[in-house]
Peer 1: 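Right, I'll just put the structure down here and ask away after.
On a predicted model such as this, the values are computed, not experimentally measured, just so you know.
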Amino acid sequence: MRPAAVLFDCDGVLVDSEPVTDRVIAESLSRHGLPFDAAEVHALFLGGTMAGVAETARRLGADLPPDWVDRIYEEMFAALALGTALIPGIEAVLDALDAAGIPYAVGSNGPHRKMEITLGQHPGLHRRLRGRIFSRHDVGRPKPAPDLYLHAAAGPTCRPTGWTASTRRCSRPLPSARP
């Protein structure tokens with residue numbers, strides 16, 4: 001089935017940022033009394049929000065300061081700015097979507113600043129996504145709630161029907177419905 005449009009997650013789908021952020025979070029949680037390695041962080045917190053990480057970590061015994069979310073974002077931003085690779089093949093996927101006339105956008109639970117840092121390291125990709133990058137900070141609730149998907153779908157590239165969501169390197173086509 002041909003999708004009417006595709007909504008990509010950013011981390012782990014467009015850019016290979018998850019190993020860096022998992023390491024930074026693990027190091028921080030370990031400093032605050034919750035000794036996790038990057039693999040444990042990845043398994044426990046994949047796809048969540050930093051507020052959710054903080055809440056769960058506190059429940060598990062981490063002694064996090066009240067401003068931990070702001071601090072961890074700053075640590076992550078600094079680490080990601082040192083270099084974040086593209087997921088291999090993503091540019092070819094976007095080329096194929098462009099050739100087929102299928103619009104696409106990005107919908108991430110991460111903040112815009114994080115996407116500016118990671119995607120901004122790849123000017124050609126960043127330029128082609130301009131105006132099509134959406135964050136959970138643009139809406140009331142993070143994924144998996146539908147808010148971000150609906151917000152992105154209501155943008156200039158497509159109506160909120162017929163989208164395919166691409167998260168964690170997979171997608172399931174929805175019925176094709178051109179607006």
Peer 1: Between Arg113 and Ile117, does a side-chain contact (heavy atoms from CB on, under 4.5 Å) hold up when you go through it step by step?
Peer 2: CA-CA 6 Å; Arg113 183 168 169 215; Ile117 290 167; 4.2 Å; yes
Peer 1: How far apart are the C-alpha atoms of Gln121 and Val15, what are their side-chain angles, what is the distance that settles it, and do they pass the side-chain contact (heavy atoms from CB on, under 4.5 Å) test?
Peer 2: CA-CA 10 Å; Gln121 294 172 41; Val15 292; over 6 Å; no
Peer 1: With a 3.5 Å distance limit and no angle check, can you tell me whether His151 reaches the backbone of Asp147 through a side-chain donor-acceptor pair?
Peer 2: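 Checking the backbone N and O of Asp147 against the side chain of His151, no donor-acceptor pair under 3.5 Å is found.
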Peer 1: Is His42 close to Pro19 at the side-chain level, that is, under 4.5 Å between some pair of heavy atoms?
Peer 2: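 A side-chain contact under 4.5 Å is absent here.
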Peer 1: Nearest heavy-atom pair of His137 and Pro111: which atoms, and what distance?
Peer 2: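 The answer is CD2-CA, 3.4 Å.
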Peer 1: Treating Glu40 as the side-chain partner and Ala26 as the backbone partner, does any N or O pair qualify as donor plus acceptor under 3.5 Å?
Peer 2: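 Pair absent, no side-chain N/O of Glu40 close to backbone of Ala26.
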Peer 1: For Asp22 and Val41, indicate whether the former's side chain and the latter's backbone hold a donor-acceptor pair under 3.5 Å.
Peer 2: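 The answer is no, because no donor-acceptor pair under 3.5 Å joins these two groups.
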Peer 1: Looking only at atom types and distance, does a side-chain atom of Lys114 sit under 3.5 Å from a main-chain N or O of Ser108, one as donor and one as acceptor?
Peer 2: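 No; judged by distance alone, with no hydrogens or angles, the pair does not exist.
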Peer 1: For Glu75 and Val24, which heavy atoms make the closest approach, and how far apart are they?
Peer 2: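 Closest approach of Glu75 to Val24: CB-CG1, 3.7 Å.
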Peer 1: Hydrophobic clusters here meaning ILVMFWY residues chained together by side-chain heavy-atom distances under 4.5 Å, can you tell me if Ile133 and Tyr73 are in one?
Peer 2: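 No, separate clusters.
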Peer 1: For Val139 and Leu148, work out which heavy atoms get closest and say how close.
Peer 2: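 Nearest pair, atom of Val139 first, then Leu148: CG2-N, 3.9 Å.
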Peer 1: Within the 3.5 Å criterion, strictly below it, is a donor on Ser17 or Asp11 matched to an acceptor on the partner's side chain?
Peer 2: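 There is such a pair between these side chains.
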Peer 1: Looking at every non-hydrogen atom in both residues, tell me the closest pair between Phe134 and Ala152 and how far apart they are.
Peer 2: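 Distance-wise, the nearest heavy atoms are CD1-CB, 3.5 Å.
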Peer 1: Parallel, tilted or perpendicular: which describes the rings of Phe8 and Tyr104, with under 30° parallel and over 60° perpendicular?
Peer 2: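 Geometry flag for Tyr104 against Phe8: perpendicular rings.
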Peer 1: I'd like to know if the side chain of Arg2 and the backbone of Ala100 have a donor-acceptor N/O pair within less than 3.5 Å.
Peer 2: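 A pair under 3.5 Å: yes.
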Peer 1: Group every Ile, Leu, Val, Met, Phe, Trp and Tyr by side-chain heavy-atom contacts under 4.5 Å, then state whether Met76 and Leu34 land in the same group.
Peer 2: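 Yes, same cluster.
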Peer 1: To the closest 0.5 Å, what do you measure between CH2 (Trp68) and CG (Leu29)?
Peer 2: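 Those atoms lie 5.0 Å apart.
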